[in-house]
Amino acid sequence: MLGRKDRSQLELFITGSLRELVPDDHVLARVDRVLDLSWLHEEVADLYCIDNGRPGIDPEAAVRLMLAGFLLGIVHDRRLMREAQVNLAIRWFTGYALHETLPDHSTLTRIRQRWGAQRFRRIFERSVQACVAARIAKGEIVHVDASLIRADVSWESLASRHVEAVDEANGERVQASKASRSTGKFKKVCTTDPDATMATNGRNRRLEPAYKQHAVVDDLRGVVLDVEVTTGEVNEGQVIVERLDATMALTGTAIAIATADAGYAYGKVFGALERRGIDAVIPAKAEPIRSKVPLRRFRYDARHDILKCPRGRVLRPTRRIEHGRFFYSRAADCAGCDIASLCLSKGRANKAVVVSDEHPALLRARRRREKWSEEDRRLYQRHRWRSEGFHGEAKAWHGLARAVRRGLANMKIQAYLTAVAINLKRLAAAILALLRLWSRHILQNRAILAGFGGQQGIAPVSR
């Protein structure tokens with residue numbers, strides 16, 4: 001018989017909760033089991049007036065709205081509120097009944113402006129602490145990586161820096177030889193989002209206005225232990241030590257091993273990790289050979305703070321630069337040297353070598369790289385799909401491939417909420433696996449008891 005469905009749907013009463021209409025395996029239903037925002041009211045209470053003004057939106061409902069968008073990949077406020085109008089799962093997750101009016105999308109913007117990035121970082125830290133308490137993150141072995149995030153600007157908003165005109169107006173002259181593209185004087189700036197700077201992740205790719213996200217990921221389940229956002233041109237090596245210190249302070253656990261790619265292979269990084277007792281699984285880069293007598297042929301004596309050339313002549317430290325010092329030899333020592341024609345630059349009478357402050361740590365890291373164990377190689381492979389996998393997941397599924405709003409503070413909030421969404425997914429999956437294991441254990445015990453009762457002639461107890 002051919003069926004026909006009445007589409008008028010003129011129900012007068014609907015008994016029950018919206019939860020009954022949301023599948024148990026829905027991502028919002030799974031996350032709701034592990035999400036606790038009961039502390040949030042006290043956290044933001046000082047930002048609201050107690051006895052004046054209109055009643056504001058519930059802080060927990062606001063955060064749940066934002067998290068629902070990031071969990072479902074709907075990161076724009078307008079689209080999120082349009083979807084929440086018809087999505088039963090979002091209404092149930094945020095606590096809005098079918099007849100209730102949802103807040104305007106601009107309300108979420110004002111909440112972000114009022115709370116600031118630090119309040120959202122506190123939400124992220126709470127998610128990390130929940131994962132540590134559930135023992136799905138330890139903080140002993142971590143993976144560090146950074147990724148560029150395209151700024152929310154158009155190419156038409158970029159303008160070239162007029163460095164030469166400004167310098168001339170200030171009474172300075174710029175030498176044409178130094179005004180090359182490699183100096184950064186011709187880099188473009190963004191007029192609509194000045195916080196975004198020009199950067200690229202490959203030499204064969206053009207510069208784009210971007211931010212850079214730095215993340216520390218736990219080895220056990222891929223929980224994000226720390227995340228921070230800077231402008232796109234900030235080098236990774238300037239941030240890693242600070243982020244590892246913040247991770248240890250948050251988890252309360254000392255990091256034993258930290259992995260990172262070759263972009264972090266600097267002497268200052270290796271030295272800082274050595275002082276903290278952290279074993280660095282980072283592939284140290286080979287020394288770039290720009291001279292016929294490269295730096296690796298010079299021996300550094302840390303005890304006496306001197307440098308010895310291949311012929312045993314002593315070079316002593318003199319002038320400091322930002323991350324190291326110049327070591328100079330005596331002109332008399334180089335005068336009769338048999339390799340002076342190869343070693344000295346044209347027009348110089350003595351040798352000048354720049355040695356970084358943590359040069360001994362860099363040398364130790366290079367020697368360690370040549371003796372990596374199977375465990376070191378395994379950890380570095382895990383770095384590829386733990387840390388880089390997090391960035392890929394955040395960009396592909398949670399809208400982090402491009403900034404949603406402009407400004408560094410807004411970009412930080414987006415990164416924090418994305419990390420919270422991913423951590424809650426990890427925590428919900430771990431709890432669900434534990435419940436399934438517990439249910440299987442109960443069923444096995446019941447089967448054993450039933451078999452025991454049947455063998456002894458005793459009827460099993462029914463519930």
Side-chain angles (χ1 to χ4, degrees), residues 139-147 201 203 212 214-219 225-226 228 230 234-248 253-291 293-310 315 317 320-327 353-388:
E140 297 177 354
I141 303 176
V142 299
H143 308 281
V144 186
D145 199 10
S147 180
N201 55 6
R203 293 183 178 179
K212 183 173 288 186
H214 310 264
V216 180
V217 180
D218 188 74
D219 179 73
L225 299 178
D226 184 84
E228 192 55 71
T230 63
V234 173
N235 187 274
E236 296 94 313
Q238 301 175 8
V239 181
I240 179 174
V241 177
E242 178 184 352
R243 300 329 316 158
L244 292 178
D245 289 341
T247 300
M248 290 188 287
T253 303
I255 297 175
I257 301 176
T259 72
D261 58 30
Y264 296 86
Y266 296 97
K268 59 182 180 180
V269 174
F270 290 117
L273 296 186
E274 283 184 359
R275 288 190 293 273
R276 287 161 175 80
I278 301 175
D279 187 11
V281 182
I282 304 175
K285 294 178 288 187
E287 177 196 349
I289 300 177
R290 300 189 179 95
S291 171
V293 185
L295 177 61
R296 56 185 170 86
R297 295 190 60 184
F298 290 75
R299 301 291 180 179
Y300 177 69
D301 186 350
R303 182 178 179 182
H304 299 93
D305 194 24
I306 58 174
L307 199 68
K308 290 186 178 181
C309 74
L315 287 77
R320 269 203 72 82
I321 56 175
E322 184 177 359
H323 298 296
R325 293 172 298 170
F326 267 100
F327 282 70
V353 178
V354 177
V355 178
S356 64
D357 292 333
E358 302 286 353
H359 186 65
L362 179 60
L363 295 179
R364 288 190 292 269
R366 286 175 179 168
R367 290 193 293 267
R368 187 188 185 287
R369 176 65 180 89
E370 297 175 354
K371 301 177 181 179
W372 268 14
S373 63
E374 290 298 324
E375 179 65 14
D376 293 332
R377 294 186 178 90
R378 185 189 69 83
L379 284 175
Y380 190 67
Q381 289 178 353
R382 287 177 67 82
H383 164 82
R384 298 287 183 90
W385 57 271
R386 274 296 186 217
S387 188
E388 297 176 10

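It should be emphasised that the depicted structure is a prediction, and the values quoted were computed from it without experimental measurement.
At a threshold of 4.0 Å, the pair R275-E358 counts as salt-bridged, since one of the basic side-chain nitrogens sits closer than that to a carboxylate oxygen. For the pair K308 and D301, the salt-bridge criterion is not met [side-chain N within less than 4.0 Å of a carboxylate O]. Using a cutoff of 4.0 Å between basic side-chain nitrogens and carboxylate oxygens, D145 and R384 are not scored as salt-bridged.
Heavy atoms from other residues, nucleotides or ligands lying under 6.0 Å from CZ of R299 number 12 at most.
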Could you list the donor-acceptor pairs under 3.5 angstrom formed between side-chain atoms of residues 260-271 and any protein atom two or more places apart in sequence or on another chain?
unit_1 : atom_1 : unit_2 : atom_2 : d
D261   : OD1    : G263   : N      : 3.0
Y264   : OH     : A146   : N      : 3.3
Y266   : OH     : N235   : ND2    : 3.4

Next on the checklist: For D305 and R325: C-alpha separation, side-chain torsions, deciding distance, then whether side-chain contact (heavy atoms from CB on, under 4.5 Å) applies.
Outcome noted: CA-CA 11 Å; D305 194 24; R325 293 172 298 170; 2.8 Å; yes
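Side-chain atoms of R243 never come within 3.5 Å of backbone atoms of V216 as a donor-acceptor pair (strictly under, hydrogens ignored). Judged purely by atom type and a 3.5 angstrom limit, D279 has no side-chain atom pairing as donor or acceptor with the backbone of A256. Under a 3.5 Å cut-off, the side chain of R366 and the backbone N or O of A284 do not form any donor-acceptor pair.
The two atoms that bring H359 and L295 nearest to each other are CE1-CD2, 3.9 Å, heavy atoms only. Taking each heavy atom of D357 and G324 in turn, the nearest pair found is OD1-CA, 3.3 Å.
Within the model, atoms CG of L225 and NE2 of H143 stand 10.0 Å from one another, a figure rounded to the nearest 0.5 Å. In this structure, CE in M248 is found 6.5 Å from CZ in R276, a value given to the nearest 0.5 Å.
Legend: residues meeting side chain to side chain contact (heavy atoms under 4.5 Å, CB included) with W372, ordered by chain and number and at least two apart, are V281, P283, R368, R369, D376, R377, Y380.
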